[in-house]
Enquirer: 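This is the structure, below, for whatever I ask next.
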Amino acid sequence: MDKLIIRQLGLRDYLPIWQKMQDYTQTRTPQDLDEIWWVEHNPVFTQGQAGKAEHLLMPGEIPVVKADRGGQVTYHGPGQLVGYTLIDIRRKNMGVRQLVSILENSIANILKQFKIDAYPKKDAPGVYVNEEKIASLGLRIRRGCSFHGLALNINMDLAPFQRINPCGYQGLKMTQSSLLGGPQTVTQASQLLGRELIAQLGYQQIEEKIGFDNE
C-alpha cells in the first residue's frame with residue numbers, strides 16, 4: 001500500500017474533524033488507504049487523555065475539549081498547520097515511537113531549509129527552536145492505525161498559549177515559523193511538510209483532495 005491521500009480541509013471547527021478521524025480509524029479496513037489531513041482550527045484548547053486540569057490556567061471564552069490523544073493541553077487556532085496522520089502503522093511494520101520520530105524529523109528538516117535550527121527532544125515530544133516550542137505532537141493508536149498528529153505554529157496569535165501550561169510545562173515559551181524567517185503561510189508549510197512526509201514514509205502515489213468525499 002504505497003498510495004496516500006492528502007486532504008486540504010481549510011479552516012474547520014475541531015469537534016467535527018475529530019469525529020471524522022475516529023470514524024475513519026474505527027471503520028477502515030486493511031485495504032483502505034492511509035490519509036493525511038491538513039487543517040486549521042477555529043480557536044480551541046484540547047486536553048489529552050492524561051491531561052491535568054491545573055494546566056488550564058485561564059481558558060476564558062475559548063472552548064476546552066477533552067480529546068483521546070496522548071499528551072497534555074495545547075491550543076489550536078488560525079495560522080497553525082494541523083496535520084492528522086491516519087496511517088496503518090501495522091501494515092508499515094512501524095511502531096508508534098518510529099512514527100513520532102518521523103513527524104518530528106520531518107518538521108525539523110523543512111525548517112532547516114530556512115536556516116532554522118529546529119530539533120526534537122527525547123524527553124518532551126515536539127520540535128523546538130532555542131528551547132521554545134514550535135510544534136506539538138499527540139497521537140493515538142487504535143486497531144494498529146494512528147490518528148491525531150501534529151500542530152506546527154506558522155503565523156498565528158500566540159497569546160492563548162499564555163492561558164495554559166503548554167503540553168504540561170509551566171513557563172514553556174512558544175514560537176512560530178513566521179517570526180524566524182521560515183514558512184509564512186499554512187499553505188506553504190503544508191506543501192513542504194507534505195513532500196517531506198511522503199519521502200520519509202515511503203509513499204509512491206499521491207492523490208490530493210479538497211475536503212471530504214461526501215461533502
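The figures that follow rest on heavy atoms only: side chains count, while hydrogens, waters and symmetry mates do not.
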Enquirer: Let me confirm one number: the OH-CD distance from Tyr24 to Gln19, rounded to the nearest 0.5 Å.
Expert: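 Nearest 0.5 Å value for the OH-CD distance: 16.0 Å.
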Enquirer: Does a donor on one side chain sit under 3.5 Å from an acceptor on the other, for His76 and Asn42?
Expert: no
Enquirer: Under the side chain to side chain contact (heavy atoms under 4.5 Å, CB included) criterion, do Thr74 and Phe161 qualify, and how do the steps go?
Expert: CA-CA 7 Å; Thr74 194; Phe161 283 108; 3.9 Å; yes
Enquirer: Taking all non-hydrogen atoms of both residues into account, name the closest pair between Ala135 and Ile107 and its distance.
Expert: CB-CD1, 3.8 Å
Enquirer: Do NZ/NE/NH1/NH2 and the carboxylate oxygens of Arg28 and Asp23 come within less than 4.0 Å?
Expert: no
Enquirer: Using only atom types and a distance under 3.5 Å, with no angle test, would you say the side chain of Arg69 pairs donor to acceptor with the backbone of Thr46?
Expert: yes
Enquirer: Tell me, with the steps shown, if Tyr203 and Ile5 meet side chain to side chain contact (heavy atoms under 4.5 Å, CB included).
Expert: CA-CA 10 Å; Tyr203 296 106; Ile5 292 174; over 6 Å; no
Enquirer: Is any side-chain N of the basic residue among Arg143 and Asp88 closer than 4.0 Å to the acidic one's carboxylate O?
Expert: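 Here Arg143 does not pair with Asp88 in a salt bridge, since their nearest N and O are not under 4.0 Å apart.
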Enquirer: Salt bridge or not between Arg12 and Glu40? Use side-chain N to carboxylate O under 4.0 Å.
Expert: no
Enquirer: Salt bridge check, Glu215 against Lys209: does any charged N sit closer than 4.0 Å to a carboxylate O?
Expert: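 Looking at Glu215 together with Lys209, the answer is no, because their closest N to O distance does not fall below 4.0 Å.
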Enquirer: State, without any angle test, whether Asn165 and Glu54 hold a side-chain donor-acceptor pair at a distance under 3.5 Å.
Expert: no
Enquirer: If we ignore hydrogens and angles and just use 3.5 Å, is the side chain of Asp13 paired with the main-chain N or O of Leu15 as donor and acceptor?
Expert: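 Answer holds: no.
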Enquirer: Do Ser190 side-chain atoms and Thr187 backbone N/O form a donor-acceptor pair below 3.5 Å?
Expert: yes
Enquirer: Any side-chain donor paired with an acceptor under 3.5 Å for Gln184 and Asn155?
Expert: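 There is no such pair between these side chains.
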Enquirer: What I want to check is whether the side chains of Tyr128 and Glu104 have a donor and an acceptor closer together than 3.5 Å.
Expert: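 The criterion, which ignores hydrogens and geometry beyond distance, is not satisfied for Glu104 and Tyr128.
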Enquirer: With a 3.5 Å cut-off and no angle check, do the side chains of Arg140 and Ser146 form a donor-acceptor pair?
Expert: no
Enquirer: What closest approach, in Å, do Leu86 and Phe147 show between heavy atoms, and which atom pair accounts for it?
Expert: CD2-CB, 3.4 Å
Enquirer: Is the NZ atom of Lys173 crowded by more than 12 outside heavy atoms at less than 6.0 Å?
Expert: no
Enquirer: Is the charged tip of Lys20 near the ring of Tyr14: under 6.0 Å from the six-membered ring centre and within 45° of its axis?
Expert: no
Enquirer: Quick check: does any side chain N or O of Thr29 sit under 3.5 Å from a backbone N or O of Gln31, one acting as donor and the other as acceptor?
Expert: yes
Enquirer: Rounded to the nearest 0.5 Å, how far does CD of Glu132 lie from CG of Asn153?
Expert: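 Going from the CG atom of Asn153 to the CD atom of Glu132 covers 11.0 Å.
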Enquirer: Can you tell me how far the CG atom of Leu139 sits from the OH atom of Tyr84, to the nearest 0.5 Å?
Expert: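 With rounding to 0.5 Å, CG (Leu139) is 11.5 Å from OH (Tyr84).
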Enquirer: Quick one: do the Asp68 and Gln49 side chains pair a donor with an acceptor below 3.5 Å?
Expert: no
Enquirer: At what distance, to the nearest 0.5 angstrom, does CD1 of Ile102 lie from CG of Leu150?
Expert: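 One gets 12.5 Å once the value is rounded to the nearest 0.5 Å.
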Enquirer: Run the salt-bridge test on Asp34 and Lys3 with the 4.0 Å N-O cut-off and return the result as yes or no.
Expert: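 No salt bridge links Asp34 with Lys3.
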Enquirer: For the backbone of Pro183 and the side chain of Ser177, can you confirm whether one donor and one acceptor N or O come within less than 3.5 Å of each other?
Expert: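 Answer holds: yes.
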